[in-house]
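The basis for the numbers below is simple: all heavy atoms, side chains too, and nothing from hydrogens, waters or symmetry mates. Each chain gets a letter, A, B and so on, in the order the sequences are listed, and its residues count up from 1.
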Amino acid sequence: LETAVLRISYVAMAGYRPPRESWPGWSTWAAPPAAYDPEIGRRAMADTLAEVRLADELGFDWVSVSEHHYGPFTLTPNSAVWAAAVSQHARRARIALLGPLVSISNPVRVAEEIAMLDTLTGGRVVVLLLRGTPAEFATYHVNPDETRARTREASLLIARALSEPRPFGWEGRFFRYRHVSVWPGTVQRPHPPLFSSGNSFESATFAARHRHGLAMSFVPPEYVARVVHHYRVESARSGWEPTREHVLWRHWAVVGSSPEEAEEIRASFFGEERRPASPSQHTTGVVGVCGTPEAAFEQLRALHDLGVGVVDLILNYGYTSHQAVAREIQLLGAEVLPRAHELGAAEPGPERTSFAV
Amino acid sequence: LPSDPARGPDERLLEVDGRGVRVRELGEGPAVVALGGGDGSAAAERELARRFRVLALRPEDPDGPAPDEARALAAAARALRLDRFSLLGVGAWAVPALWLALEAQARVERLILVSPAAAPGAGLDPDLEGRLAQLPVPTLVVEGTDDQTPSAGAGRRFQGRLPTCFQVLVYEAGPEVARDRPTAFASAVGDFLHWGERFTVSHRSQALNP
């Protein structure tokens, strides 16, 4: 992970593309299983894996996966399973697990999955340990009031499980294990780079204190500027200095070869639905990147100027065709990636920074 | 565990070989001899005392070499007619606890080291370090995840040197684990005292609404 350039990540959404004529608009939690068409589901995964191959061939730096439950918005309730599949199609890019919802999961299981993936990919895994959305707390019947504390404890336990050389027990507030001894180990030591949420200042403080990267989603540049500043201040208090490689921004993105083409894709990006509610209070309510490759690059450069080192772009909410998404990947790969990789190349970046426990 | 400097109503002075040893006792059950501990550990002591007879021993003027302290404590245990007991050594008292376990290994059932101030390769007496492999007593090392002291990480150092050694990390606890997380501390220690090596298995039912 170099420090100065802008990395571009393709989000492998596996979004279900519903039949428009008979779709009542269930894109988020919880859609009834009866509405599921297995052929559409199969095609969503196959199309996404084809997009993964394309993004990897065109030089995308990361391919990311996420975890969401009970809805067609993304058919990936288990991000590790999906990351394993993706890793067999992206042979060069980092596999970004962004991320397992650790507030509702077994942290030791998550650590084992991370270790497996890091081994499987030869050390290409990056991990964001997330809390999840309110609906997802209900998925596994977890008390929403406790999820912030559960996320923090789980994050530290996972880091420990991945790096502790001897078996250990864990007597936590929410998790208890008498014997943790994860196999396989990881390729990256002490463990793969870990990110935490930056969607609140409180979370950014946690990330800084534990030397995790900072990952923001669906937030506007004004918020990015404020939270990155806060993250840097808190990191300095904890005795370290993050670089751009530690700062990730995720958002919906639309790229077209002309302004008109981009606007056409954007207009139907969320279908006939309203844009789903975001856990963040800072959401823009619209796609975060939109326009021609030139316009998109300028928007991304503005984020780079604010300290962002990785942009994680979601090109599909289920209403953009596979062909259109593939075209967007091609535009990004040909016209945005090379320029993004030149950003900051001349600036004297700090030495390679490791993500510590 | 208990280290209240004020002599409480349950504390008595034992004369052993011309030396005073203060004894504070609480609870009933298998005997646990506790050495050392910081202020605020009373809550953890009470939790353990629900299942065990906790005897907090505090030799007066404990300035001698650790083996000598261990011999004095062994004599105190005999004076208290403790045929079999477990040992819990906190901080600097982990070293006398180790010596005592070596000297009286036939009588010591379990050994618990809490935030030990020394460990193999990290300040432990080489004579003692050389004998660790001969200590058959099942041992648990307890440390806090927030322990930033130089001796933190002792658990992994003892593992591999002691024949049977486990470590438990208590989340959001510093070096004074019993003070910071008394219930969590007593839970892990109590399970180890009760089950020994089998404490790694959950013995509690996880059935919902059976």
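- Annotation: Arg109(A), atom CZ; neighbour count of heavy atoms from other residues, nucleotides and ligands within 6.0 Å does not exceed 12.
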Worksheet item: When you look at Phe168(A) and Val168(B), which way does the side chain to side chain contact (heavy atoms under 4.5 Å, CB included) test go after all the steps?
Response: CA-CA 5 Å; Phe168(A) 67 94; Val168(B) 165; over 6 Å; no
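- The shortest side-chain heavy-atom distance between Leu157(A) and Tyr171(B) does not fall under the 4.5 Å cut-off.
- By the 6.0 Å contact criterion, CD on Gln105(B) is enclosed, its count of non-hydrogen atoms from other residues, nucleotides or ligands being greater than 12.
- By the neighbour-count criterion of 12 heavy atoms within 6.0 Å, atom CZ of Arg84(B) is densely surrounded, having more than that number from other residues, nucleotides or ligands.
- Interface residue Phe199(B): backbone and side-chain heavy atoms are both found under 4.5 Å from chain A.
- In this structure a side-chain-to-backbone donor-acceptor pair under 3.5 Å is missing from Gln167(B) to Gly169(A).
- To the nearest 0.5 angstrom, Glu171(A) atom CD is 11.0 Å from Phe185(B) atom CZ.
- Within 6.0 Å of NE2 on His203(B) lie more than 12 heavy atoms contributed by other residues, nucleotides or ligands.
- By number of non-hydrogen pairs under 4.5 angstrom with chain A, the leading residue of Asp191(B), Thr200(B), Leu169(B) is Leu169(B).
- Here the closest heavy-atom approach between residue Ala188(B) and residue Arg178(A) is recorded as CA-NH2, 3.7 Å.
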Discussion item. What verdict does the side-chain hydrogen bond (donor to acceptor under 3.5 Å, both in side chains) test give for Ser187(B) and Arg176(A), after you've listed the backbone C-alpha separation in whole Å, the side-chain angles of each residue and the deciding distance to 0.1 Å?
Written reply: CA-CA 10 Å; Ser187(B) 171; Arg176(A) 169 187 288 155; 2.7 Å; yes
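- Here Glu164(A) pairs with Arg156(B) in a salt bridge; the nearest charged N to carboxylate O distance falls below 4.0 Å.
- Residues Arg181(B) and Arg173(A) meet the side-chain proximity criterion, which asks for heavy atoms closer than 4.5 Å.
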